2 protein chains.
Amino acid sequence: MKKDSTQDRIKEVALILFARKGFEGTSLSEIASGVGIKKPSLYAHYKSKEDLFLGVIHKVSVDYNAFFIKTAEELSDRSPEDQLYYLLHKNTGYLRNDELGLIFKRMMLFPPESLRSDIYAMFEKTEDVMRQVIQSILVQMVREEEWEQVFDAYLCLLDGVFEQVFYYSPEEHKKRLENSWSAFIKGVYSREEK
Amino acid sequence: MKKDSTQDRIKEVALILFARKGFEGTSLSEIASGVGIKKPSLYAHYKSKEDLFLGVIHKVSVDYNAFFIKTAEELSDRSPEDQLYYLLHKNTGYLRNDELGLIFKRMMLFPPESLRSDIYAMFEKTEDVMRQVIQSILVQMVREEEWEQVFDAYLCLLDGVFEQVFYYSPEEHKKRLENSWSAFIKGVYSREEK
DNA sequence: AGGACACTACCTACCGTTCGTTAGTTATTA
DNA sequence: TAATAACTAACGAACGGTAGGTAGTGTCCT
């Protein structure tokens, strides 16, 4: 089923190494030896280190967009509150796996200088997707003039929770997620008065 | 007053470069030429690249702890709510300046593999300081059994807001900060009723 | 059917450059 | 005089990348 082409194997290995050690911190020799071939053989598949790297990032960005949309669809029959809650959970879980969150966040925050614009271009789509998905949920639960405020707060929650994935143990992190979520949702519902 | 020793100049230049391009992405030649000396001269002041790097990180961590404590003291005569609000603002402002936030976050999230434990050891103190300062404010405004929940939410807010410093323009970011803050504080105050 | 050709995916060997680092020397300063 | 802080020169190692070669595979032309 899955074409296990060398090209894909290279991408898999490179993803892990780039995620853990960054672009400059990863050498082509390492990648090659992880795949089980010699360094120059990489050039049969990618024409430079940057080319390989951008290939990896492109795959990551496409995968993430697909995941986000798919998850939102799966949840679409729940209440808006539940949708936001599970989206937060699923998103965190997804990004915790497979080095995917690691490389995603690394590239958003600290892209290699020379590739910054290419990387940002790839992730622009991602922001769009997230905005649309979250917007479509929020319009069901808050008044229009409050929409933006709640959206910003939810995105901040998403960012904060995600960042903490790196600091804390899974248990500690789950506790913090639940507490942060409680505070968020209380803030949303207390919004009617005053 | 300020001893403008070469040693300090090296640290300043290194801070900026390490912050922007990371440990592996910054070469000693760059640092030297930024200071205006030749690469081998660096070894009159630091015995290795790692030594220099840890020196920089140490300074960053000490400075940040001092800032956090000083800011909290300056605000201590305000209402607890105001203290939290301005702490959020000041913290964001401080970290935005001088590449300080950049290197701080980079090292928390993506430390160079070989120095991970040294770096984490330095920032342990920071977490302690923050916990103490925030705790001393929170006990004045929420019931004891809710303390932990609000603390987690506030820290998540701090993390989320800080991360967004990198993505958005100052204006956009300020808007998002205010919106996220509003949601947070409403959540805190709506906490009395069931 | 069989040979010439081209293509793919790998190899070994090596290129020039840059890296972090050391040695040895000199000029300034205390 | 002794220490300090700079220098020039050079080191070995590793880097990204190239050249050239070689098996294996399929394809086209008689």
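Note that this is a predicted model, so its numbers are computed, not measured. Just so it is clear: chains get the letters A, B, ... in the order the sequence lines come, proteins before strands, and each one is counted from 1.
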(message) Looking at dC19(C), I'd like to know if its phosphate oxygens (OP1 or OP2) sit under 4.0 Å from a side-chain N or O belonging to S27(B).
(response) yes
(request) For residues 126-137 of chain A, pull every pair meeting side-chain hydrogen bond (donor to acceptor under 3.5 Å, both in side chains), keeping only residues two or more places apart or in separate chains. (result) N65(A)-T126(A)
(message) Could you check whether E163(B) pairs with K105(B) (Lys NZ or Arg NE/NH1/NH2 to Asp/Glu carboxylate O, under 4.0 Å)?
(response) no
(message) Just by distance, no angles: are the side chains of E50(B) and Y46(B) close enough, under 3.5 Å, to form a donor-acceptor pair?
(response) no
(request) Give every residue pair that meets the salt bridge (charged side-chain N to carboxylate O under 4.0 Å, His left out) criterion with at least one member in residues 23-44 of chain B, sequence neighbours excluded. (result) K21(B)-E30(B)
(request) Provide, to the nearest angstrom, the distance between the CD atom belonging to E30(B) and the C1' atom belonging to dG20(C). (result) 14 Å
(message) In this structure, is the centre-to-centre distance between the rings of F123(B) and F104(B) below 6.0 Å?
(response) yes
(message) Testing the 3.5 Å rule here: is there a donor-acceptor pair between the side chains of D159(B) and Q164(A)?
(response) yes
(message) Can you measure D8(A) atom CG to dA9(C) atom C1' for me and round it to whole angstrom units?
(response) 15 Å
(request) Provide, to the nearest angstrom, the distance between the CG atom belonging to L28(B) and the C1' atom belonging to dG20(C). (result) 6 Å
(request) Using only heavy-atom distances, determine whether the side chains of Q149(B) and Y154(B) contain a donor-acceptor pair under 3.5 Å. (result) no
(request) Mind listing the residues from residues 45-56 of chain B sitting with a heavy atom below 4.0 Å of DNA chain C? Number order is fine. (result) S48(B), K49(B)
(request) Indicate whether any N or O donor in one side chain lies under 3.5 Å from an N or O acceptor in the other, for N91(A) and Y64(A). (result) yes
(message) What is the first contacted nucleotide of DNA chain D and what is the last, in 5' to 3' order, if contact means an atom lying under 4.0 angstrom from a heavy atom of chain A?
(response) dC15(D) to dT18(D)
(request) Enumerate the residues from residues 32-42 of chain A whose closest heavy atom to DNA chain D is under 4.0 Å, giving them by residue number; use none for an empty result. (result) K39(A), P40(A)
(message) A quick test of your reading: do over 12 heavy atoms of other residues, nucleotides or ligands sit less than 6.0 Å from CD of E145(A)?
(response) yes
(request) Could you note down all residue pairs passing side-chain hydrogen bond (donor to acceptor under 3.5 Å, both in side chains) where residues 67-82 of chain A supplies at least one of them, sequence neighbours left out? (result) E81(A)-Y189(A)
